[in-house]
A.B. asks: 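Starting off with a structure, shown below.
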Amino acid sequence: MSNTPLLDVKALNVVFRTKSSGKLLATNRNHAVKNVSFSVHAGEVLSLVGESGCGKTTIGRILTGLESAESGTANFQGDNILGLSNAGFRPLRKHIQMIFQDPYASLNPRLTIEKILSEPLFIHKLVRNRVEARTRMAAMLKQVGLDPDALKRYPHEFSGGQRQRIGIARVMLVSPRIIIADEAVSALDVSIQAQVLNLLKKLQRSSGVAMLFISHDLAVVRHISDRIAVMYQGEIVELNDKQQIFENPQHEYTRLLLSSIPQVKARSTP
Amino acid sequence: MRYVTALTLGSRMISPVSDNQPLLRVENLCIAIQNAGQLQPVVRDLSFEVQASQTLGIVGESGSGKSLTVLAIMGLLSGSPVRVTSGKVWFDGKDLLQLSDAERRSIMGDGMSMIFQEPMTSLNPVYKIGDQIMEGIRHHQHCSAKEARTRALQLLEKVKIPDASTRIDHYPHQLSGGQRQRVMIAMALACDPLLLIADEPTTALDVTVQKEVLDLIAEIQQDTGTAIILISHDLGVIAQTCNFVAVMYCGEIVESSTTEKLFQRLGHPYTRGLIESIPPLHSDVEWLNAIPGQVPALNALPVGCSYQPRCSHAQAQCRQNPPVALLDDEHIVRCHFAQQLQGRAS
């Protein structure tokens, strides 16, 4: 890890304004993200963990240019990416990729897997022609544990776990610097979740891509992260190495979260 | 006389009336789905019992048939392409599957009631929560609106809705997810049911709220002695709330036992695979011991043991239907190698 972080977020604030019911012209302010600062180094996995409404997803959407911030900076490779126009953000999309939660909603049902996977390759000019694209895609499908035959098929022919693998293949194909994974395994059944977690960890290790892993599940977060930021009501209440978070939690809320998780106490051997 | 079925859950239970008839007995229940002119089995030969004041947990992944089983018990399958093809569901001396709609309605509510997963879609958005709770009370207990309202208020206080006298006139959208689920619980408890069926009651809730709701259900059970069937995909939730566990895979119960014994001596390779798929919270593992492959499609069930294509212990013998092995009085495993494998790490 170098000393300059790949992504450096400082004093980020996000406020959503909704029209107030009743009074004309009045607005409700919802301070969704309050003064949040964190950094992600190259090759590192940082997790944002917290319950619904804590602002973790909003941060992911800000960093992919899908939402705008009230104040603060987010330096990616030294340049502030907040407040960029759509056109200004476009070259960054090759470097900042996103894995979404819902594998049913995040793949266009009318496109074949070949079309879904080749679009980013052509948009970012990573291949010169269809033949080259097909070779790259087939190799990537093998890496994520799918048969290259998948290229001819449509999303509805795949299970949730397989679709999430396709989503991961689409992201990995453009060799990003950082992946923002928002609840990437939450919609999956536990046996499939384990397969996809193993795959994500393997690809992250072998490619050295950094990851901002957003999740509500502390056990999943422990498995995949190097460092963890615990969020509560828009603020980061604790940010530390994962060992420290689990073995020596400092904030009361972290302790509450840890104690709320129902546990299986099984003995594998008698 | 004790009734013995292929898979009987919990013959001798901690209940004080252990020799009595079970409250609910499901016998060889089979459910099939009508698909392109063919009947495909989705729940196969399912049998279990629930005694008064006990909690039975049914755990399984999507498509294992756990929700269909309770929908069949509640009589909520009629009119859909899914139907019960054979089997009996005994409740309070009657076979629920033979009842007319009117007879069934008189049992629902004060005999058994259900909590659904998504409180926003199962509450009516255009009625005040108080009115929704009162509906069942007035139907079953034939009391005045005023009496029903008093009862509804008590129930809201019982499920710990703060400021219940104001909340009773609120609409579902004015409540948080956890509060809505509390209202669902209040509705389900309105007529003091003998059996409460909860289908993934906390899956849509945050983990801290989940703990509150599970604690509340346990507390109410202690007070009222209601029997509970809790359905969940989360083994942790099951382990912490249930006395008995049934693990379902591809429409069958593959293992069932008291919770304590199940987690002491995991009998079925699938149960062990499920547990090993959960990342541990208090230790680090490099790679998860994931179950390979995926749940087979209903129209392509493997021959013999339905877990056999994914099982690391599978042998030629597994292509025949596995016997039901009794590891223990109350511990039943549907596996050829139950005796050899139990306790062995995979």
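Chain letters run A, B, ... following the sequence lines, proteins first, then strands; residues in each count from 1. In this text the structure is predicted, and so the values were computed from the model without any measurement. Computed over heavy atoms, backbone and side chain alike; hydrogens, waters and symmetry mates excluded.
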A.B. asks: So which of Val190(A), Asn198(A), Val220(A), Val196(A) actually passes side-chain contact (heavy atoms from CB on, under 4.5 Å) with Leu288(B)?
C.D. replies: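 Going through the options one by one, the only one that passes is Asn198(A).
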A.B. asks: Please give me the minimum heavy-atom distance between Ala194(A) and Ala290(B), naming the atom from each residue.
C.D. replies: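 Nearest heavy atoms, Ala194(A) then Ala290(B): CB-CB, 3.6 Å.
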A.B. asks: Can you tell me how far the CG atom of Leu197(A) sits from the OG atom of Ser277(B), to the nearest 0.5 Å?
C.D. replies: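 These two atoms lie 10.0 Å from each other.
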A.B. asks: Kindly indicate whether the side chain of Val207(B), heavy atoms from C-beta on, has any atom under 4.5 Å from the side chain of His216(A).
C.D. replies: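 Heavy-atom side-chain distance check fails, nothing below 4.5 Å.
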A.B. asks: Within the 4.5 Å heavy-atom criterion, are His282(B) and Gln263(A) side-chain neighbours or not?
C.D. replies: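 When only atoms from C-beta onward are counted, Gln263(A) and His282(B) do touch, with a gap below 4.5 Å.
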A.B. asks: Checking Lys242(A) against chain B: side chain, backbone, both or neither under 4.5 Å from a heavy atom?
C.D. replies: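 The side chain, not the backbone.
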A.B. asks: Could you check Arg205(A) against Glu286(B) for salt bridge (Lys or Arg N to Asp or Glu O under 4.0 Å), going step by step and ending with a plain yes or no?
C.D. replies: CA-CA 12 Å; Arg205(A) 293 268 181 86; Glu286(B) 185 69 7; 2.6 Å; yes
A.B. asks: Using non-hydrogen atoms and a 4.5 Å limit, figure out which bit of Thr241(B) sits close to chain A: side chain, backbone, both or neither.
C.D. replies: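 Looking at Thr241(B), nothing touches chain A.
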A.B. asks: Do you see a donor-acceptor pair shorter than 3.5 Å between the side chains of Glu61(B) and Ser191(A)?
C.D. replies: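 On atom types as modelled, these side chains qualify, holding a pair under 3.5 Å.
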A.B. asks: Look at atom CD of Gln244(A) and say whether more than 12 heavy atoms of other residues, nucleotides or ligands are closer to it than 6.0 Å.
C.D. replies: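 Yes, because the 6.0 Å sphere around CD of Gln244(A) holds more than 12 heavy atoms from other groups.
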A.B. asks: Would you mind checking which part of Glu212(B) comes under 4.5 Å of any heavy atom in chain A, side chain (CB onward), backbone (N, CA, C, O), both or neither?
C.D. replies: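 Glu212(B) has no heavy atom closer than 4.5 Å to chain A.
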A.B. asks: With side-chain contact (heavy atoms from CB on, under 4.5 Å) as the test, pick out the partner of Ile261(A) among Asp234(B), Thr208(B), Leu281(B), Val237(B).
C.D. replies: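 Filter result, single survivor: Leu281(B).
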A.B. asks: Is it the side chain or the backbone of Val285(B) that comes within 4.5 Å of chain A heavy atoms, both, or neither?
C.D. replies: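 The answer is both parts of Val285(B).
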A.B. asks: Counting neighbours of CZ on Phe246(A) that are heavy atoms of other residues, nucleotides or ligands and sit closer than 6.0 Å, is the number greater than 12?
C.D. replies: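 Enclosed: over 12 neighbouring heavy atoms sit under 6.0 Å from CZ of Phe246(A).
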A.B. asks: Going from CD1 on Ile278(B) to NE2 on His223(A), what distance comes out if it is rounded to the nearest 0.5 angstrom?
C.D. replies: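 Result: 13.0 Å between the selected atoms.
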A.B. asks: Hey, mind stepping through Asp284(B) and Gln243(A) against side chain to side chain contact (heavy atoms under 4.5 Å, CB included) and telling me if it holds?
C.D. replies: CA-CA 9 Å; Asp284(B) 287 304; Gln243(A) 241 69 25; 2.7 Å; yes
